[in-house]
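Encoded as structure tokens, the structure appears first; notes follow it.
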Amino acid sequence: MLDEVTINKAYHEILGRDVDEGGLLHFLGLAHSQKLTFGRLLYILSSSEEFESRDEVSRQAALEYRKYNSHPSEKIHWFHSIALSDGFVTNGMQTQAFAAKSIFKYPVEGKTVLDIGAWDGFYSYKAEELGAKDVLATDWYCWGGPGWGTKEGFEYAHRDLKSKVRSLEADVFALDPEKISTFDTVLFLGVLYHLSDPLAGLKKAAALSKSHLVVLTHAINNNTETPLLEYREGFNGDDTTFWYPNIACLKSILERQRFNTFDAIKVEEGPEGVPTGSGCAKGVDRYTLHAFR
């Protein structure tokens with residue numbers, strides 16, 4: 001974790017001066033909210049206008065320092081924590097390994113897999129690693145839409161891992177089974193509660209699945225078998241969230257899509273490896289729901 005000493009060190013090496021109060025507070029905040037690393041900070045500072053205004057000798061010395069004190073992947077703002085070919089793990093804002101245990105409870109070896117909302121591609125590459133014969137990663141919101149993410153992380157990992165995962169930039173509602181076919185397993189992970197129309201989104205994911213749909217979502221009111229969907233736009237300060245279902249609601253919707261067997265698994269550790277119910281959705285459990293036809 002960055003502190004005042006390490007932030008000041010980065011300022012000295014890249015900008016040739018002490019960190020000012022505004023910069024210190026800013027980067028201390030990012031160290032907490034985005035898991036900002038020292039290497040990532042070096043890249044941020046070396047892309048600033050202040051850095052470009054330095055003389056050539058100073059800039060070259062700073063870039064040489066950055067070369068030996070950062071990893072090339074740290075030039076990217078990652079959401080996923082992906083283990084690269086050299087063993088380095090990208091400094092993602094979230095750690096996916098905990099949820100992956102429940103998501104890949106059932107084998108994908110030899111199967112076709114569709115990853116809706118892939119972002120940096122952790123789950124796409126994990127499916128490939130586990131032996132899926134074909135993986136299609138799709139995203140729009142983070143790759144080309146209004147989200148803060150980009151496709152840089154996905155493409156970097158794709159090159160580094162020498163992956164054969166295919167990609168398609170498309171919104172979930174634009175995915176057409178007649179054009180992209182259907183898949184043995186469809187991953188619908190961390191997408192549902194971001195949709196203003198979760199019913200249509202879930203139906204679309206179901207239509208793309210031959211036999212197995214995996215939904216990872218925040219879920220509330222799970223002490224009742226009555227299907228419930230609660231409106232919580234902007235919950236916990238996230239203005240991209242809208243609806244929170246309970247597991248009974250998901251099952252009820254999917255039963256009408258001809259799914260008849262379910263396995264709901266509470267994810268006991270949250271995206272940062274802390275107990276579920278903490279972090280970005282405090283007080284809200286996360287579940288992986290496997291649905292089978």
Side-chain angles (χ1 to χ4, degrees), residues 33 79-81 92-108 114-117 119 122-123 126 141 172-173 185-209 211-293:
S33 65
F79 185 70
H80 287 167
S81 301
M93 292 175 63
Q94 292 195 354
T95 300
Q96 289 70 40
F98 305 104
K101 296 175 184 177
S102 61
I103 289 166
F104 294 106
K105 176 180 178 179
Y106 297 94
V108 294
L114 171 65
D115 185 4
I116 300 174
W119 204 333
F122 175 91
Y123 297 108
K126 188 66 176 177
Y141 189 84
V172 57
F173 297 108
T185 296
V186 171
L187 305 179
F188 198 49
L189 312 176
V191 175
L192 187 67
Y193 46 89
H194 290 299
L195 301 178
S196 58
D197 189 347
L199 176 60
L202 193 55
K203 286 183 175 180
K204 173 65 74 171
L208 292 158
S209 170
S211 58
H212 183 202
L213 174 63
V214 188
V215 181
L216 174 68
T217 185
H218 295 299
I220 59 177
N221 300 315
N222 293 302
N223 57 347
T224 176
E225 289 301 313
T226 301
L228 297 172
L229 182 64
E230 187 170 320
Y231 176 66
R232 289 196 178 191
E233 183 172 358
F235 183 62
N236 273 355
D238 184 350
D239 59 8
T240 71
T241 61
F242 297 94
W243 297 96
Y244 286 74
N246 65 357
I247 295 301
C249 176
L250 297 179
K251 289 181 179 179
S252 181
I253 294 170
L254 292 175
E255 283 172 347
R256 297 184 66 85
Q257 309 306 310
R258 299 183 295 106
F259 290 89
N260 51 41
T261 303
F262 302 94
D263 184 8
I265 306 165
K266 185 176 179 180
V267 182
E268 295 295 342
E269 292 177 295
E272 287 78 36
V274 296
T276 187
S278 305
C280 62
K282 187 175 182 180
V284 177
D285 292 328
R286 288 202 311 164
Y287 275 84
T288 297
L289 178 66
H290 292 270
F292 298 92
R293 285 192 173 106

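Numbering of residues begins at 1 and proceeds along the displayed sequence.
Contact between Leu195 and Gly201 at its shortest, heavy atoms only, is CD1-CA, 3.7 Å. Taking all atoms of both residues into account, the shortest heavy-atom contact from Val214 to Leu189 is O-CD2, 3.8 Å.
A tilted orientation is assigned to the rings of His218 and Tyr193, their planes being inclined by 30° to 60°. Between Tyr106 and Phe292, the ring-plane angle classifies as perpendicular under the 30° and 60° cut-offs.
For Ser102 (side chain) and Ala99 (main-chain N/O), a donor-acceptor pair under 3.5 Å exists by modelled atom type. Asn246 places a side-chain N or O within donor-acceptor distance of the main-chain N or O of Asn221, the cut-off being under 3.5 Å. The closest donor-acceptor contact from the side chain of Arg256 to the backbone of Lys203 lies at 3.5 Å or more, if one exists at all. Panel note: side chain Trp243, backbone Asp197; no donor-acceptor pair is recorded below 3.5 Å. A side-chain donor-acceptor contact under 3.5 Å links Arg293 to the backbone of Gln257.
Annotation: Glu233, atom CD; neighbour count of heavy atoms from other residues, nucleotides and ligands within 6.0 Å is above 12.
Proximity of Arg286 to Leu216: side-chain heavy atoms (C-beta onward) are separated by under 4.5 Å at one or more points. For the pair Thr241 and His194, the minimum side-chain heavy-atom distance is below 4.5 Å. Counting heavy atoms from C-beta on, the side chains of Leu199 and Ile253 come closer than 4.5 Å.
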